[in-house]
Structure formats: structure tokens, C-alpha cells
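Position 1 is the first residue of the sequence, and the numbers go up from there. Computed from a predicted model, the values in this text were never measured in an experiment.
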Amino acid sequence: MKEIAIKDLYAGKPDAKDEINFEGQEKFIKTFVVADHFNLESLLSGSNCFITGFKGTGKTALMFYLDGMLKERDHATCSSFVFFKEDFADARRKELQELSRRILSSIAVEPGALTEISEFEYIWRWLIFKQIVNDNEDYGRNLFVDNEIWRSFERIILKIKDPSSKRKISIPNKIKVAVPWKDPFTMSEVTPEMEVDLRKQGSEAYFEFMSLIDQAEEMFSQLTKTDIPYYIFIDELEAYYGDDKIFKRDLYMIRDLVFTVKRLNSIFARAGIKNMKILCSIRSEIITAISRFIVTKEINKVISGFSLPLNWNYSNDNSYAHPIIQILLKRISVCAEADHESSLSIYRKWFPEKIHGIEPASYILNNSWCKPRDIVRLIITAQNNLHNSEKCFSNSVISALTKAYSEDSLQEIKEELRALYASEEIDIIISCFTGYKTNFSIRDLKNRIAQYYPETVLETKFQQVLDDLYRLGFIGNFLPASKTYHWLHKGDPNLILSDEWRICIHYALHSALSIGGKNDYGLNIGRDPQTGDTTKATVVKVIPQFALVEFKIYGNMYDGRIHIGEFGNKEHKFIWNLSKLVKIGDTYDVVLSDFNEKHACWNLKFTTMR
């Protein structure tokens, strides 16, 4: 293994597209990790055509990796990538196409265009047919058999005129359609152009546009595919909560793109075409926004039946063999030219026995959301701190990168929230948790909101905000009685709201939000105890059915009692005489169950024994 420092590691880029474009494909492919449960063949040759997941789970990276797999199988494969709102300079586009052997296109909507409509399926069918015609032309007309059926299909699509360039498509409010007409007297044919306002979907001109697309689809279903594999990858589907009309237009467009992709792939399947497919990546939060803000057309049924979700939660989630840890180890291996070294050997060389008292793999995973982008962020922040010349991820390196890593992580969650909330609402949500506690009860949070954030989105949409924050990994659940945590990225689908469970802030966000153990101690001093709190209780008296105790919590002393049944459960036997088992002065770890008004004391239970 070659001696290298942290600054020499291959970090990549937070966005896989940037990584490919600026770092090249070789190291990207070498360092790519596919989790064992990802069924890639379901995308390449099966019925799945959507890649779903939260921001940073590797959707774009997987599309580039699939492209590489296809070209390994058949060097002649034509891959066409379509990005949204992507501003490639023409020279840069040409350079990247030559380097990567893939066609790059971008689609954007003209500023303010098409905000009055909610149906985009015909528009999408036109745009994808146009993409196919352009790709076939750039590939020497070799993707389809160049017969009369192809030429008829091509003529129909070319009748539809728009001001876009070939590879930078801009969707306008109005297009033009060439309508052939033959003079009955001279029998000469002319082709006048009819203006079609895409916003007026009930007009005669729009019906003419629809008719052309239907004709094109009929011709398309009869095309003969050549042996050259052809795949279209559609990425960067975004919608941001801001201007309501533009936001909803973008959601309508993404929704109808999903239905269009599924429709066209179904045509390929019915025609028996096995070497052509359209693959599309979609962020989970965009799907949530579609379900929340517009008519869905049952989009969830389509996506769930035809998608590969990118989930990185894994059974050995505390092991160096976890695929997220393997991403880091593989990057070290490639840069250190350690092809013959085992993952365990690299792990032991590059990490101490403990990081702040915790096994290193567990520490890294507890400070991540089990996303590949977390590892990229970890390496980049390590390379940007004063200890980047060290040859391992020591405790000093980890301590030095904590603040920057935390702030970058919080920024990513804010980006995800932009699909669901306005900027000022996001600021209010983050402000509520800044400088507060690392874990708290529902009652605590409601009191804080009532005092400092009344009539804001936190109060009017309380449950919705918490559910969204849980989905994004900002918050999780913590059960003090058993020290149990629940996180979406660890496979726990729903936030638990109850007196016994607490809400906790993801550990990686503590530094950015200025919260921690010292904060908790200061804010909790003097407050009243609550159901679910844990403490140590000391026996002061034993009576036939109860051990009477006292306990200190949040700086004050309280009375409590533990029922004989609790001792029976603890000892796994029936207890007749409590005084033979329990003595004055005995101490126990307990959880507060409920307050007994009659006896003015707390009913207590034992914390879960391990």
C-alpha cells in the first residue's frame, strides 16, 4: 500500500454529473460501490425505469454507472443524457460528448412560460420523439432501420417547429406546426405554418398538434430497431417552492414526464424491443410534493411498480463492511494503489480503534444519513482542514472537520426542504431548533412554538413539518427507557409521537445548530419531570406491594413508587414478599410512567434491561 495523506484522496464531487465532467470517468467507475440489494438488471433489461431516492443517495451516479455497464457490454451503445435547466456552453458540451461518448442535451422552460396549464403529456411525447430523431441523426441514422416507416415518423416530428437549438431545448408558450395543403386547382402542394399556443389546449391548433403526436406514436410503434443498444437517461428533475405558478407548473411537468416515460417504455416492450429504454431519476421529496400540492393521477402507483429505490440501510449497519463505509475504503484503496489489501486491513490502518469512544464505522454511520454523498462531504471537509497532511482519519482530524461537515449537512437538508416550503418558512423551522435541545418531548416542542413561533408554519402545520423533517433525517426518535433510536434511513418508516418517546436531532447537525449536552443540561435545570424521563431512584421504604423511592431529576427531588409486579418481571418470577428482595438504600434505573395524583408521587418502571 502506497503512503498517502488525506489531501491525496480521491473525493469526487457532491454531484455525480460534476464528478464525471470535471474529474473524468475512470476513477468514478473504479470507486463506485453497488450495494448487494440493488437489482441493476431490473433497470437494464427488466420493467423498472425509475430510480428514486433522497438527495445524495446516488441517483445520478447510478445512471452514469449504468451507462458504463452498457458500454462494457456493447461498445456501440448510444447513450443520451437529458438534463433540466443545465447550462452547458456549446464548446464544453462538444468536448464532454467526445470524451464520454454520450450525447448531452438540456431542456428548460422559457421564463414564465406555460404556467396556466396542468397537462403536459403531449408536450413530453413531442420532446422525447424530437430527442430520438436528433439522437438518430447524430448517430449516423443507425439506431433504427431507415425505411419508409422511420421517414414518416421523422417527417411528422420535423413538422413541429420551435426556436430551440438541437441540444439546448427551450420550451416556449408557442410553437409552429407545418400543415401541408394541396391547391385543388393547380394541384401544387404548399406547407403553411400554423401557430400553436400550448397554453390553449382546447383550441383547433392544439388539436392539430395532438393529432400529429398521435400519428407519430403510431408510426413509432411500428419502427424496426437496429442491433445498436439505445438508452435515454433523464436526470435533474427539480421543483422549488417559491413562485406558486412556476412551482406547480414544474410539478405538473414532472408528474406527466413520469407517465410519458412509462408509456413509451411500454411501447418498446410490446414491440419486443429489448435494446432500447428510457430511464429517469426522481427525488423522493419531489414525489411527496406532487402528492401534496397537485392532482397526482395515481403517480405513486406508477412509480412504486416500476422503480428501483436507492436505500443504503443495511443489516450490518455498524460494520466496516457496510456499503457506505466501503465507498470510503474503496477510494482510499484506489489512491493508495492497495488493490491486494483487504478492506479490513485498510480500515485498521486508516482509522483509530475508537473515535471519541465509539468504534469508527459506527461513528461515521451515526454521523451520516447512509448516503454516498455523506462520504464525499466527509473527505472534502477533511481535505479542507489543517490536518489534511495526516495519513489517517485520527481523532484530531475528525474533531477539526466536525463544524464544516455539520454546516454542509444542514445546507443539504435546507435544499431538500425547498421542494416543500418557502424560504422564509424554512428559516423559521431551522430557527426553532437552533440553540435548543438535542432531544425533547412533544409537549416541550409545542410549548416552545407557542411561546416563540405562534401562527407560523410550525404551529399551523405542526404534524406535517415533523413528518417532513423525519423523512429528511433532520429529526428521529429516541426512547430514553431503552436507549433506542429510530431513523428513516435505518429502516423505520414513521415518526413516533407519544409521551414515552422523545424527538431527537440528528447528531451530525448538533454543531451547526449550536446544540449539545451542555445546552441540554442548562435548559433542563429546574423544569418539571415528564413521562418517559429516566433517572436513578433510591429505596426509602418497603411496603407489601410497593418499594417507595425518591429520585433527583433536573435539580429537584421527587417521590415515587415501584410496584411489586415490576420486580417480578425483572426477576422473571412471582414475588410473594417484596421485603425479602428489596432493601432500603437500593438504587434502580427507572423511567417515569405517570403521576399518581392520589398519592402525590410518580409511578415508576424499570428501564429496559440489556
Side-chain angles (χ1 to χ4, degrees), residues 1-33 56 58 60-61 64-65 99 312 320-412 507-512:
M1 185 188 301
K2 187 172 72 172
E3 285 288 324
I4 60 170
I6 289 172
K7 63 184 178 182
D8 302 318
L9 290 177
Y10 173 70
K13 301 289 183 186
D15 188 291
K17 177 166 44 52
D18 292 335
E19 185 170 339
I20 292 285
N21 292 344
F22 295 98
E23 303 287 350
Q25 182 147 333
E26 185 179 355
K27 280 190 177 178
F28 169 80
I29 294 296
K30 279 186 178 180
T31 58
F32 195 84
V33 171
T60 303
F64 281 112
Y65 184 76
L99 287 172
W312 292 85
Y320 75 93
H322 189 291
I324 292 297
I325 302 298
Q326 285 296 305
I327 292 173
L328 176 56
L329 297 180
K330 201 164 186 180
R331 295 189 179 213
I332 295 172
S333 174
V334 168
C335 296
E337 299 175 5
D339 295 345
H340 302 295
E341 293 277 347
S342 68
S343 293
L344 181 57
S345 173
I346 296 171
Y347 178 70
R348 287 172 173 168
K349 176 177 174 58
W350 273 80
F351 293 94
E353 187 175 335
K354 300 284 184 181
I355 296 178
H356 301 321
I358 302 172
E359 193 269 332
S362 295
Y363 183 89
I364 292 170
L365 291 168
N366 289 344
N367 278 273
S368 82
W369 289 261
C370 294
K371 298 178 183 179
R373 191 171 294 174
D374 300 332
I375 296 301
V376 175
R377 187 185 307 122
L378 175 72
I379 297 173
I380 289 174
T381 52
Q383 290 177 331
N384 289 337
N385 77 50
L386 295 174
H387 299 273
N388 62 6
S389 293
E390 292 198 22
K391 294 178 173 58
C392 67
F393 285 91
S394 63
N395 277 277
S396 58
V397 170
I398 297 297
S399 296
L401 64 80
T402 297
K403 184 70 172 179
Y405 179 87
S406 182
E407 290 174 346
D408 289 349
S409 299
L410 180 60
Q411 185 58 40
E412 177 133 318
Y507 188 75
L509 302 175
H510 287 190
S511 182

**OP:** Would you check, one step at a time, whether the test side chain to side chain contact (heavy atoms under 4.5 Å, CB included) holds for Glu26 with Val334?
**Re:** CA-CA 11 Å; Glu26 185 179 355; Val334 168; over 6 Å; no
Original post:
Quick one: CG on Asp339 to NZ on Lys30, what's the gap to the nearest 0.5 Å?
Top reply: 7.0 Å
Original post:
Looking at Ser396 and Glu390, what are the two nearest heavy atoms and their distance?
Top reply: OG-OE2, 3.1 Å
Subject >> Gap between atom NZ of Lys391 and atom NZ of Lys7 - 0.5 Å precision >> reply: 8.0 Å
Original post:
Does Asn367 use its side chain to pair, donor to acceptor, with the backbone of Tyr363 at less than 3.5 Å?
Top reply: yes
Original post:
Would you call Ile324 and Pro372 a side-chain contact if the rule is heavy atoms closer than 4.5 Å?
Top reply: yes
**OP:** Please lay out, stage by stage, how Lys349 and Glu3 fare under the test salt bridge (Lys or Arg N to Asp or Glu O under 4.0 Å).
**Re:** CA-CA 11 Å; Lys349 176 177 174 58; Glu3 285 288 324; 3.3 Å; yes
Subject >> Ser362 side, atom OG; Ile355 side, atom CD1 - distance, nearest 0.5 Å >> reply: 10.0 Å
Original post:
Quick one: are Glu412 and Pro14 in side-chain contact, heavy atoms under 4.5 Å?
Top reply: no
Subject >> Heavy-atom check, side chain of Ile375 versus side chain of Ile364, under 4.5 Å >> reply: yes
Original post:
Which distance, rounded to the nearest 0.5 Å, do you find between the OH of Tyr320 and the CD1 of Ile325?
Top reply: 12.0 Å
**OP:** Measure across Val33 and Lys330 and return the closest heavy-atom pair with its distance rounded to 0.1 Å.
**Re:** CG2-CD, 3.8 Å
Original post:
Where is the tightest heavy-atom contact between Pro360 and Glu353, given as atom of each residue plus distance?
Top reply: CD-O, 3.3 Å
Original post:
Does the side chain to side chain contact (heavy atoms under 4.5 Å, CB included) test come out yes or no for Ile346 and Ser343, once each step is laid out?
Top reply: CA-CA 5 Å; Ile346 296 171; Ser343 293; 5.8 Å; no
Original post:
Taking the side chain from Ser406 and the backbone from Lys403, do they hold a donor-acceptor pair closer than 3.5 Å?
Top reply: no
**OP:** Please name the pair of heavy atoms, one in Ala361 and one in Tyr347, separated by the smallest distance, quoted to 0.1 Å.
**Re:** N-OH, 2.9 Å
Subject >> CG on Leu9 to OG1 on Thr31, rounded to 0.5 Å >> reply: 11.5 Å
**OP:** Indicate yes or no for a side-chain donor-acceptor contact from His322 to the backbone of Trp312 under 3.5 Å, with no hydrogens or angles considered.
**Re:** yes
**OP:** Would you mind reporting whether Ile4 and Trp350 have side-chain heavy atoms less than 4.5 Å apart?
**Re:** yes
Subject >> Stepwise side chain to side chain contact (heavy atoms under 4.5 Å, CB included) test for Asn395 and His356 >> reply: CA-CA 7 Å; Asn395 277 277; His356 301 321; 3.5 Å; yes
Original post:
Looking at side-chain heavy atoms only, is the closest gap between Cys335 and Asp8 below 4.5 Å?
Top reply: no
Subject >> Among Ile332, Leu401, Asn385, Val397, side-chain contact (heavy atoms from CB on, under 4.5 Å) partner for Ile6 >> reply: Val397
**OP:** State, yes or no, whether a side-chain contact exists between Ile379 and Tyr10 at a heavy-atom distance under 4.5 Å.
**Re:** no
Subject >> Close side-chain approach of Thr381 to Tyr405, heavy-atom, < 4.5 Å >> reply: yes
Original post:
Do you know which two heavy atoms are closest between Ser389 and Ala5, and how far apart they sit?
Top reply: O-CB, 3.4 Å
Original post:
What are the two closest heavy atoms between Phe393 and Ala382, and how far apart are they?
Top reply: CE2-CB, 3.8 Å
Original post:
Glu341 and Ser333: side-chain donor and acceptor closer than 3.5 Å?
Top reply: no
**OP:** Working to the nearest 0.5 Å, report the span between CD1 of Ile358 and CG of Leu365.
**Re:** 11.5 Å
Original post:
With side chains defined as the heavy atoms from C-beta onward, is the minimum distance between Leu328 and Phe351 less than 4.5 Å?
Top reply: yes
